[in-house]
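A quick note: this is a predicted structure, and the numbers were derived from the prediction, not measured.
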Amino acid sequence: IAQTAQNEEEEIIFTDTFSNKIEKDDYCEILRPIADNTETPEDTDKMLLSGIGTISGLIPDNIYSVYGQREVYTPIDLIIYGDAATGKGELPFSMGILKPLKQEIEAAYHAKMAEYQNEHALWEAKRTKDERIERGPEPQEPEYSNPLIPGNSSATAALLQLKANGGWGLMFETEGDVVANSFKTDYGDYSTLLRKSAHHEPVAISRVKDKLFIEIPKPRLAVVITLTPGQLHNLFPSIENGLPSRFVIYGLNRKLEWKNPFKATGKPLGEVFDKIGKQYLELHHEILKLGQRKIQIVLSEEQQRKFNEFFSELLFEQFSML
């Protein structure tokens, strides 16, 4: 979606791509290589969106804004859909952004597990040596933390993973039917989780049978899904609960042409996103150094004016179609 001036009245129209409306100098340093190494505006659009969606799920809650008188954080929910031959197969390269942080978190978990196993062995040894020795409380096994939440997770499993992560996570799924099938078996809970996490509202699940109660005060879950148009309907069989409105939805055009796989258009996308991942990890560490301090993102008055004008006209346009 792009806003362009077509006449003196600054008419708002919808166009197919947005990246070609942005000057290269206006790209942030981390994301500019995406624009430099993609061939068409639509290619740039999809890789920018998937890259931003991935990063949005990783940023700590030190970074926030205020929208509708409530604090909002960086995670976004994104769907990129298209038929065969629309280039969806390139989107998994975005996962290169996650790789360095995921490796660091996993290394920290294994270090904690090794420490726990050592402490637990010492704790058990005290009992074997003499029952009268006060051993103290049993060491607690560390929770497995992984920023990536599989698309086929149940709502309960997703909440357990969010809890282990401290309330945040990323779901990146390239097979939309995997998520849609999870919805069919766990639709009520899953829909509630996604709708509430979009606004960071408290979400909880209770299972009496398993004596399980999970509560996340401010969930921060980013969702990136790629699928076909048919799978889109399966994911959202109804719009009445408002779940589709939580997503940014971008459709790809089908290109009935052969794409030369040997044509050099820049660096390989895998290399581009791996480098972005390393750069983001450095930024992630700098944000964590803020500790309890926070950074609020505020739009300028001109940006707020354009935002309100655009969505005000869009609102009336949509209602006129009902």
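In this structure, Gln231 contributes its side chain and Thr228 its backbone to a donor-acceptor pair below 3.5 Å. Put simply, the side chain of Asn62 gets close to the backbone of Gly291: a donor and an acceptor are under 3.5 Å apart. A donor-acceptor pair is defined here as one N or O able to donate and one able to accept, closer than 3.5 Å; no such pair exists between the side chain of Asn146 and the backbone of Glu106. Side-chain atoms of Arg220 do not come within 3.5 Å of backbone N or O of Pro75 as any donor-acceptor pair. One N or O on the side chain of Ser56 and one on the backbone of Gly53 form a donor-acceptor pair closer than 3.5 Å. A donor-acceptor distance shorter than 3.5 angstrom exists from the side chain of Trp123 to the backbone of Gly136, with no hydrogens or angles considered. Remark: the backbone N or O of Gly87 is paired with a side-chain donor or acceptor of Lys46 at under 3.5 angstrom.
Glu42 is listed as a side-chain neighbour of Tyr250, based on a closest heavy-atom distance under 4.5 Å. Residues Glu141 and Gln117 form no side-chain contact, since every pair of their non-hydrogen atoms from C-beta on lies 4.5 Å or further apart. Under the 4.5 Å side-chain criterion, counting only non-hydrogen atoms from C-beta, Lys24 is in contact with Asp36. Two residues are said to be in side-chain contact when any heavy atoms from C-beta on lie closer than 4.5 Å; Ser145 and Tyr109 fail this criterion. A heavy-atom distance below 4.5 Å is found between the side chains of Leu162 and Leu193. Using a 4.5 Å cut-off on side-chain heavy atoms (C-beta onward), Asp61 and Lys218 make no contact. Under the 4.5 Å side-chain criterion, counting only non-hydrogen atoms from C-beta, Ile97 is in contact with Leu58. Contact annotation: the side chain of Pro202 never approaches that of Lys196 to less than 4.5 Å [non-hydrogen atoms, C-beta and beyond].
Residues passing the side chain to side chain contact (heavy atoms under 4.5 Å, CB included) test with Leu122 are Asn118, sequence neighbours excluded. Evaluation of the salt bridge (Lys or Arg N to Asp or Glu O under 4.0 Å) rule for Glu39 yields Lys263 as partners, not counting sequence neighbours. Judged as a salt bridge (Lys or Arg N to Asp or Glu O under 4.0 Å), and not counting sequence neighbours, Glu115 has no contacts. By the ring pair (Phe, Tyr, Trp, His ring centres under 6.0 Å) test, Tyr73 is found to be paired with His200, residues two or more places apart in sequence or in another chain being considered. Partners of Lys278 under the side chain to side chain contact (heavy atoms under 4.5 Å, CB included) rule, at least two apart in sequence or in another chain, are Pro100. Here Arg293 pairs with Leu290 under the side chain to side chain contact (heavy atoms under 4.5 Å, CB included) rule; sequence neighbours left out. Take Phe247 and apply the ring pair (Phe, Tyr, Trp, His ring centres under 6.0 Å) test, not counting sequence neighbours, and it matches Phe236. Every residue two or more places apart in sequence or in another chain was checked for a side-chain hydrogen bond (donor to acceptor under 3.5 Å, both in side chains) with Thr226, and none qualifies. Applying the side chain to side chain contact (heavy atoms under 4.5 Å, CB included) test to Glu302 and every residue at least two apart in sequence or in another chain returns Ser300, Arg305, Lys306. For Thr44, the side-chain hydrogen bond (donor to acceptor under 3.5 Å, both in side chains) criterion is met by Thr38, not counting sequence neighbours.
With values rounded to the nearest 0.5 angstrom, Thr17 atom OG1 is found 10.5 Å from Asp43 atom CG. The CG atom of Leu98 sits 8.0 Å away from atom CD1 of Ile105, with the distance rounded to the nearest 0.5 Å. Considering OG of Ser19 and OH of Tyr27, their distance stands at 4.5 Å, rounded to 0.5 Å. With rounding to the nearest 0.5 angstrom, the CZ atom of Phe273 is 3.5 Å from the CE atom of Met47. Put simply, OG1 on Thr54 and CZ on Phe172 are 4.5 Å apart, with the number rounded to the nearest 0.5 Å. Lys112 NZ to Gln140 CD: the interatomic distance, rounded to the nearest 0.5 Å, is 14.0 Å.
Scanning all heavy atoms of the two residues, the minimum distance from Leu91 to Ser50 falls at CD2-OG, 3.6 Å. Taking each heavy atom of Thr174 and Pro92 in turn, the nearest pair found is CG2-CG, 3.5 Å. Contact record, Ser65 with Gln296: CA-CG, 4.3 Å, taken as the closest heavy-atom pair. In terms of heavy atoms, Pro147 sits closest to Asn165 at CA-ND2, 3.8 Å. Across all non-hydrogen atoms, the minimal contact from Ser191 to Asn241 is OG-ND2, 3.1 Å. The nearest pair of heavy atoms linking Ile225 to Gly176 is CG2-CA, 3.9 Å.
One hydrophobic cluster, built from ILVMFWY side chains closer than 4.5 Å, holds both Leu31 and Met95. Under the 4.5 Å side-chain heavy-atom criterion for grouping Ile, Leu, Val, Met, Phe, Trp and Tyr, Phe316 is not connected to Phe307 through any hydrophobic cluster. The cluster map of Ile, Leu, Val, Met, Phe, Trp and Tyr, joined by side-chain heavy atoms under 4.5 Å apart, puts Ile205 and Leu243 in the same cluster. Side-chain heavy atoms closer than 4.5 Å link hydrophobic residues (I, L, V, M, F, W, Y) into clusters, and following such links, possibly through other members, connects Ile55 to Ile297. Connection of Phe18 to Leu299 is not established within any shared hydrophobic cluster, with ILVMFWY side chains joined at heavy-atom distances below 4.5 Å, either directly or through further cluster members.
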All N/O donor-acceptor pairs, side-chain side in residues 76-84, below 3.5 Å, sequence neighbours left out:
unit_1 : atom_1 : unit_2 : atom_2 : d
Asp77  : OD1    : Val223 : N      : 3.4

Begin from the C-alpha positions of Ile59 and Trp168 and carry the test side chain to side chain contact (heavy atoms under 4.5 Å, CB included) through to its verdict.
-> CA-CA 9 Å; Ile59 298 177; Trp168 65 278; over 6 Å; no
Carefully, step by step, assess Leu221 and Leu194 under the rule side chain to side chain contact (heavy atoms under 4.5 Å, CB included).
-> CA-CA 8 Å; Leu221 174 63; Leu194 294 183; 3.8 Å; yes
Could you go through the side chain to side chain contact (heavy atoms under 4.5 Å, CB included) check for His199 and Arg246 one step at a time?
-> CA-CA 9 Å; His199 297 297; Arg246 268 69 167 183; 3.6 Å; yes
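Other residues, nucleotides and ligands contribute only 12 or fewer heavy atoms inside 6.0 Å of the CD atom of Glu29. For Glu138, the CD atom sits in a packed shell: over 12 heavy atoms of surrounding residues, nucleotides or ligands are nearer than 6.0 Å. Atom CD of Glu240 has 12 or fewer neighbouring heavy atoms from other residues, nucleotides or ligands inside a 6.0 Å radius. More than 12 heavy atoms of other residues, nucleotides or ligands shown are found within 6.0 angstrom of CZ on Phe213.
A cation-pi contact links Lys294 to Tyr64, judged by a cut-off of 6.0 Å to the six-membered ring centre and 45° from its axis.
Residues in residues 160-177 take part in these salt bridge (Lys or Arg N to Asp or Glu O under 4.0 Å) pairs, two or more places apart or across chains: Glu143-Lys163.
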